[in-house]
Amino acid sequence: GIAALGIDDYYNSHRIRRNMRALYTAMRITYEYKINWTPKNTPRENEQVHRRAAKLILDCCQKNGGLYVKFGQGIASMNHILPKPYREEFQVLHDKAPYVPFKDVRKIIIEDLKVDPNVIFSEFDETPVASASVAQVHRAKLHSGESVAVKVQKPYIAHQVPWDLACYRMLLHTFEWAFDLPLTWSTDFTERQMLTEVDFVSEAMNAQKTAQLLNNENYIFDYPNKLQRKTTPDKEAFYNQYIANEYLKNKVYVPRLYPQYCSQRIMTAEWCDGVKVNNIEQIKKKGYNFADIMHTVVSLFGYQIFVTGVVHCDPHPGNLLVRQKPNTSGKNNWELVFLDHGLYIEEPAVFRKQYSLFWTAMLLRDMDTLNAIGHEWGIRDIDFFASLQLIKPFSSTEGVIDTKTLSKHDVVAMQMAAKQRVQKVLGHTRTIPRHLVFVGRNMNIVRANNKDLGSAVNRVGILAEYAAKGSSLIAEKGAFYYYQYKLNMFGLSLYYTWKSYWKSFNDAMFGENSNVKSFEQDIEDQMQQFAKDLGLMVDETMFDA
């Protein structure tokens, strides 16, 4: 055993040691929750159990590194359903890591590109400008004079990933058995996405597809799930109707790739300077308009989710830079630089259409369509599903429930039933589209970006417009529904405009003492109250992605 560990450490993969640490952590957590945690404990005693478990998981993620950091970030993003100690402990986990020395980078370049870096680059900054759990980025210059960003995967990641994913699957099965919760339903899909994220050829292809779609080039769709394709789509008609988007073509830029200098572990692209979309101070200094920037950001992802189906699933501010268009002047001549195309999904045509219908039906208050989609997705608790659409507790026999009239007994009963209702929904996860996990991640992060800029735009309204483009529901329902849809959109826009002006007025009058909330904060309050009405306690950071 000692010899095996020594060999594993010598080749620096640490696979055996990392998996042993993960299994030990899993056993400790199971013991904490099956033995030490009990409803008879005081709240303080159970909080201590949560804190010990959170520290165990965090320690494992930090020591193992690699994909474990990604898993830890996934836990951190679920702070709305996990106990408070998890949020407090995991806030220190960022996707930053020590960088590997240049000799390792040079070795990878020689192995993959078959030449020494000096043959390709006239300059190469040996200290990376960024280092994450899986890769690090160096600035370099080609002999032709162009500045480039060279993304290099860290050594042994490729060897660790299969072991990490196998351990991940085993741990989920263990926790599913121990805690009687369906946790493995999206494992296969999640693993496939994680594997593509560490394949830089896949990332380069995603970047190329996105650039082609934004530039209105003829990218021919290859629907991933051909079994769901009930009819042969008219690709030419689809392209003519939806792909042309001159607004985004002129406002979004994907850095040019250098395919001859790319491999599974190396990606070389044009270097682009810019400021993050949430860097308020720098954006103000350059004179750019926050609303224009966020309108472009939200439109970009509405276009991807509802129209093209080729979706970037990690739109955090570091991947969205604002810069002055080359060879231009003036504060309106800016563009959005779109980076890091590793984590993507390609929506099946049927799912993209259903999701567009889902959003459009919400604006139309078309419960028949919502229920039909919910049924097809395996959601059998229609009351619970309707509550999620209305953002109010709903009963098929009583309609919308006024929780203010409920007795304490009724509230306790709702809280006791909440877990069973959630389990009932999760019990049919075999039919829930796995793409919802990553689409939801995208929308949540975009929402947080908009919130960071003070609810700069009517995000819901912009997404709804793109949903209407991806859906034929309005055309199928006729003129009445068209005008109803437009009326609802007008009401939403009117409310957003009034809310924005009222908040700006109060901020100007009272400064930090103003208690008027933004559009996005209003939505948060409604969702938190809705969850409490159902007996679910949510953390105040639930909607910050």
Side-chain angles (χ1 to χ4, degrees), residues 142 144 146-149 151 196 200-224 233-262 267-274 277 288 292-315 318-330 332-347 349 352 356 439 442 446 462-463 465-470:
L142 300 175
S144 56
E146 297 132 298
S147 292
V148 294
K151 183 176 181 179
T196 61
F200 292 171
V201 172
S202 175
E203 179 175 348
M205 291 176 64
N206 291 334
Q208 187 176 31
K209 290 175 188 176
T210 300
Q212 289 173 333
L213 288 169
L214 290 170
N215 287 306
N216 305 336
E217 296 174 12
N218 284 310
Y219 166 64
I220 303 301
F221 289 92
D222 180 17
Y223 297 100
D234 186 343
K235 292 179 180 177
E236 183 176 355
F238 184 86
Y239 173 83
N240 291 335
Q241 185 175 3
Y242 295 133
I243 299 305
N245 194 322
E246 292 298 319
Y247 170 72
L248 291 176
K249 177 180 179 180
N250 294 324
K251 278 297 183 184
V252 181
Y253 182 76
V254 178
R256 181 164 62 95
L257 292 172
Y258 293 83
Q260 67 273 33
Y261 306 132
C262 294
M267 192 174 76
T268 305
E270 171 188 3
W271 179 273
C272 292
D273 288 306
V277 292
Y288 300 148
D292 290 345
I293 292 171
M294 277 313 303
H295 190 281
T296 300
V297 170
V298 178
S299 295
L300 170 62
F301 295 112
Y303 180 63
Q304 286 196 323
I305 291 168
F306 297 112
V307 178
T308 70
V310 181
V311 184
H312 189 298
C313 299
D314 196 20
N319 292 335
L320 300 165
L321 306 181
V322 184
R323 72 169 184 177
Q324 188 75 20
K325 284 185 178 181
N327 305 316
T328 67
S329 60
N332 293 323
N333 287 322
W334 56 268
E335 65 183 358
L336 189 71
V337 181
F338 197 17
L339 304 174
D340 194 356
H341 302 269
L343 187 57
Y344 260 66
I345 59 169
E346 289 202 31
E347 299 169 337
R352 184 192 58 77
S356 299
V439 170
N442 174 295
V446 171
I462 296 170
L463 290 175
E465 289 287 0
Y466 279 94
K469 291 182 180 181

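Just so it is clear, the values below take in all heavy atoms, side chains as well, and ignore hydrogens, waters and symmetry mates.
- Pairing each heavy atom of Asp340 with each of Lys151, the nearest pair is OD1-NZ, 3.6 Å.
- Closest approach of Ile462 and Ser299 over heavy atoms only: CG2-OG, 3.6 Å.
- Asn333 places a side-chain N or O within 3.5 Å of a backbone atom of Ser329 that can act as its donor or acceptor partner.
- Of the candidates Lys325, Arg323, Lys249, Glu335 forms a salt bridge (charged side-chain N to carboxylate O under 4.0 Å, His left out) with just one, namely Arg323.
- You'll find the side chain of Val277 reaches within 4.5 Å of the side chain of Leu336, heavy atoms only.
- Checking each of Leu343, Asn206, Ile305 against Val311 for a side-chain contact (heavy atoms from CB on, under 4.5 Å) leaves exactly one that passes, namely Ile305.
- Evaluation of the ring-ring contact (aromatic ring centres under 6.0 Å, His included) rule for Phe200 yields no partner, not counting sequence neighbours.
- Interatomic distance, CG of Leu214 versus CG of Asn250, reported as 11.0 Å (0.5 Å rounding).
- A distance of 11.5 Å separates OG1 in Thr210 from CE in Met205, rounded to the nearest 0.5 Å.
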Side chain to side chain contact (heavy atoms under 4.5 Å, CB included) assessment of Val148 paired with Leu142: CA-CA 7 Å; Val148 294; Leu142 300 175; 3.9 Å; yes

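- Checked against the 6.0 Å centroid threshold, Phe301 and Phe338 count as a close aromatic pair.
- Partners of Glu270 by side chain to side chain donor-acceptor pair (under 3.5 Å), not counting sequence neighbours, listed by chain and number: Tyr253.
- Checking side-chain atoms of Thr268 against main-chain N and O of Tyr258 turns up no donor-acceptor pair under 3.5 Å.
- Here the straight-line distance linking atom CD of Glu203 with atom OG1 of Thr196 works out to 9.5 Å at 0.5 Å rounding.
- By the salt bridge (charged side-chain N to carboxylate O under 4.0 Å, His left out) test, Glu146 pairs with Arg256, sequence neighbours left out.
- Closest non-hydrogen pair, Leu257 versus Ala207, comes out as CD1-CB, 4.2 Å.
- Ion pairing of Lys251 with Asp292 is absent here, as no side-chain N (NZ or NE/NH1/NH2) approaches a carboxylate O to less than 4.0 Å.
- Taking the side chain as every heavy atom from C-beta outward, Gln324 and Tyr288 approach each other to under 4.5 Å.
- Atom-to-atom distance recorded for Lys209:NZ and Glu346:CD is 3.5 Å, nearest 0.5 angstrom.
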Dump the intermediate steps for side chain to side chain donor-acceptor pair (under 3.5 Å) on Thr296 and Tyr247, then the final yes or no. CA-CA 8 Å; Thr296 300; Tyr247 170 72; 2.8 Å; yes

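- Of all heavy-atom pairs between Val446 and Pro315, the closest is CG2-CG, 4.0 Å.
- A distance of 4.5 Å separates SG of Cys313 from CD1 of Ile345, quoted to the nearest 0.5 Å.
- Heavy-atom minimum distance, Ile293 versus Trp334: CA-CH2, 3.6 Å.
- Between Leu321 and Cys272, the closest side-chain pair of non-hydrogen atoms is not below 4.5 Å.
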Would Tyr344 and Ser202 satisfy side chain to side chain donor-acceptor pair (under 3.5 Å), going step by step from the backbone distance to the final call? CA-CA 9 Å; Tyr344 260 66; Ser202 175; over 6 Å; no

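- When atom types are taken as modelled, the side chain of Asn442 and the backbone of His312 share a donor-acceptor pair closer than 3.5 angstrom.
- Residue His295 holds its NE2 atom at 12.0 Å from CG of Leu300, rounded to the nearest 0.5 Å.
- Taking both residues in full, the closest heavy atoms of Lys469 and Val307 are given as CB-CG2, 4.2 Å, listed atom of the first, atom of the second, then distance.
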